[in-house]
Q: 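This is the structure, below, for whatever I ask next.
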Amino acid sequence: MTEIVWFKRDLRLADHAPLWHAAQSKRPLVALYIFEPDLWRAADISPRHYACLYAALADLARSLHERGQRLVTRIGDAVSVLERLTQTLPGFTLHSHQETGNGWTYARDREVARWARRRGIIWREYQNGAVVRRLASRDVWDRRWRAVMDQPVFPTPLLPPPLPLASEPLPAPQGFDATALSPGRRAAIARLRIFLSAAGEGYARGISSPLTAAESGSRLSVPLSLGALSIREVVQATRRRAGEVAALPADRRGGWPLALRAFTARLHWHCHFIQKLESEPRIEYENLHPAYDGLRGNAPGDAAKYAAWAAGRTGFPMIDAAMRSLITTGWINFRMRAMLVSFASAHLWLDWREPARHLARLFADYEPGIHYPQVQMQSGTTGINTVRIYNPIKQGFDQDPEGRFIRMFIPEIAHLPASLIHTPWLAPNPTPAYPSPPAYPSPPAYPSPPAYPSPIVDEAEARKAAAARLYDLRKSGEHRRIANAIVEKHGSRKRPKRRGQKPQARGDLFA
DNA sequence: ACGGGAGTTGTTGTA
DNA sequence: GTACAACAACTCCCG
């Protein structure tokens, strides 16, 4: 009898319930990763995800090796790979975390479950963080989150020696350097230390502007999405740091109390959002609130608008800089993500599904359980959140007053002064802005980049039209009736602000 | 952690 | 010193 620990998006050895329990049996143990070619062809998955995964797997393999074990990699769809393993390992128990992934992994898990039942193989699935499978009610969810995070982490168990099983080598990733995103566990732990000891002090202040967010944010989203760190490990490390800070004299605490509070709140929302997709997987494909069905996405110019948005060529500098930055680095801060979605869904009045898949492919830290609830929230299709339409010009003035971020990613307008860089269409000579052609006739050394486009919509007009349509829809009693049911199922149970407001579940950003 | 307008309060400059 | 306009800063509310 053998224990197989199937690693998915939980690429670590510590705080790993499946590995811990499998190791307690003292039976032979196989640490398995299955490379599933079909998954990597899905519309929301891209080579940059693979580059990150590959780095985190390499780290995992190294850790297993140091503990006298080995990572076994196999290629194929999960059921065939497992079926083949039954020939070498006649009896085994399969251990893995419950995965709240995309529709593809959900379907795959159901096939694996069916296969395991048919073959009489036991598949033990362990809860992932505070995300509860078959959650009956949101009412007790917060308390459960706390209980999970209060539990000590599972230590890395002692592992038995590996079985002589061959690995199939995985393809090398291409075209994306994941190093700066610290995908693997060692890099992630190093980043966590720096964040909690130094970089994170400006967290609350720094995460709004794309100029400062990369340094003052935790930069842990990629390793968290791959499970190279568990949320509980990060929560507990943050609590330990909060204890240290509290022990300092009040005038030596600096920005830390605020920073750590804000960070902890986000760690809490991490599971909170994933729970929404776990409870209602259809929101990857369908509007949470049906009143928005068919509302957008059937106008003649949509394809061109989408293409301009997706390439960072809308003519709105802050939108385009954010998109191009994301394309280049695989990461952008939360506010810019919200702005990008809001612009596609409100100003351009596009259905959120294609934009969501585009962003999923670009976000190296793509976490389906966070992505789809967030996209729907910023698109207004949850029906329970206040409509939030970002003005990209205002965001530019607020978050990048001097235009430094814009200049980094939009060379076409880098020459404009700060007073014009957020509204290049107001510049005296909006189109060319390129050095006049050289006097000699030979072909130019550098292909001259295309001119920066004019804005593809009128900002104020588009925003007002979108707001009017959304608010109009929300007026109906039918809309409200359904929204109340949605709040009951998904809404945060945090108390509303004091001052004797109605004690109902909040329908705001955090719901 | 939406934006913008209206209304309110606070500050400054001027006669 | 007082009166008051002009304007900034802030809160509240609604789409």
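Heavy atoms only: backbone and side chains are in, while hydrogens, waters and symmetry mates are out. In the text below, chain A, chain B and the rest are named by the order of the sequence lines, each starting its count at 1.
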Q: Nearest-Å distance, CZ (A/R469) to P (C/dC14)?
A: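 Interatomic distance, CZ of A/R469 to P of C/dC14: 24 Å.
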
Q: Can you pull the ring-ring contact (aromatic ring centres under 6.0 Å, His included) pairs that have at least one residue in residues 178-216 of chain A, sequence neighbours excluded?
A: A/F195-A/Y203, A/F195-A/F263, A/Y203-A/F263

Q: Quickly work out the A/E461 CD to B/dG3 P distance and round it to whole Å.
A: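 Distance, rounded to whole Å: 19 Å.
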
Q: Quick one: A/L470 CG to B/dG3 C1', roughly how many Å, whole number?
A: 14 Å

Q: Starting at CD of A/E284, measure out to NE2 of A/H371 and round the result to the nearest 0.5 Å.
A: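 Rounded to the nearest 0.5 Å, the CD-NE2 separation comes to 9.0 Å.
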
Q: Pick base, sugar-phosphate or nothing for A/Y390, based on heavy-atom distances below 4.0 Å to the nucleic acid.
A: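 Result for A/Y390 = sugar-phosphate.
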
Q: How far, in whole Å, is B/dG10 from C/dG1 if one measures between their P atoms?
A: 23 Å

Q: Which nucleotide wins on minimum distance to the side chain of A/Y471, given the candidates B/dG3, B/dA1, C/dG15?
A: C/dG15

Q: Distance check needed: C/dG15 P versus A/N385 CG, whole Å only.
A: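 So the two atoms are 19 Å apart, to the nearest Å.
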
Q: Round to a whole Å and report the spacing from CZ of A/R474 to P of C/dG15.
A: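 Spelled out: CZ on A/R474 to P on C/dG15 is 12 Å.
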
Q: For A/K394, report the nucleic acid contact type (base, sugar-phosphate, nothing); a contact means any heavy atom under 4.0 Å.
A: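 Sugar-phosphate, no base atom in range.
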
Q: Could you check A/Y452 against A/D320 for side chain to side chain donor-acceptor pair (under 3.5 Å), going step by step and ending with a plain yes or no?
A: CA-CA 10 Å; A/Y452 189 61; A/D320 296 339; 2.5 Å; yes

Q: Between B/dC2 atom P and A/I389 atom CD1, what is the distance in whole Å?
A: 12 Å

Q: Between C1' on B/dG5 and CG on A/N391, what's the gap in Å once rounded to a whole number?
A: 14 Å

Q: Using the side-chain heavy atoms of A/R463, tell me which of these nucleotides is nearest: B/dA1, B/dG4, B/dC2.
A: B/dG4

Q: NA contact type, A/R337, heavy-atom cut-off 4.0 Å: base, sugar-phosphate, or nothing?
A: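 Since no nucleic acid heavy atom lies under 4.0 Å of A/R337, the category is nothing.
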
Q: Tell me the interatomic distance from A/Q395, atom CD, to B/dG3, atom C1', rounded to whole angstroms.
A: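 Between C1' of B/dG3 and CD of A/Q395: 10 Å.
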
Q: Describe, in one word, how the ring planes of A/H268 and A/W141 are oriented to each other, choosing from parallel (under 30°), tilted (30 to 60°) and perpendicular (over 60°).
A: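 Taking A/W141 first and then A/H268, their aromatic rings stand perpendicular (interplane angle over 60°).
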
Q: Is it true that A/D10 and A/H97 share a donor-acceptor pair across their side chains at a distance under 3.5 Å?
A: yes

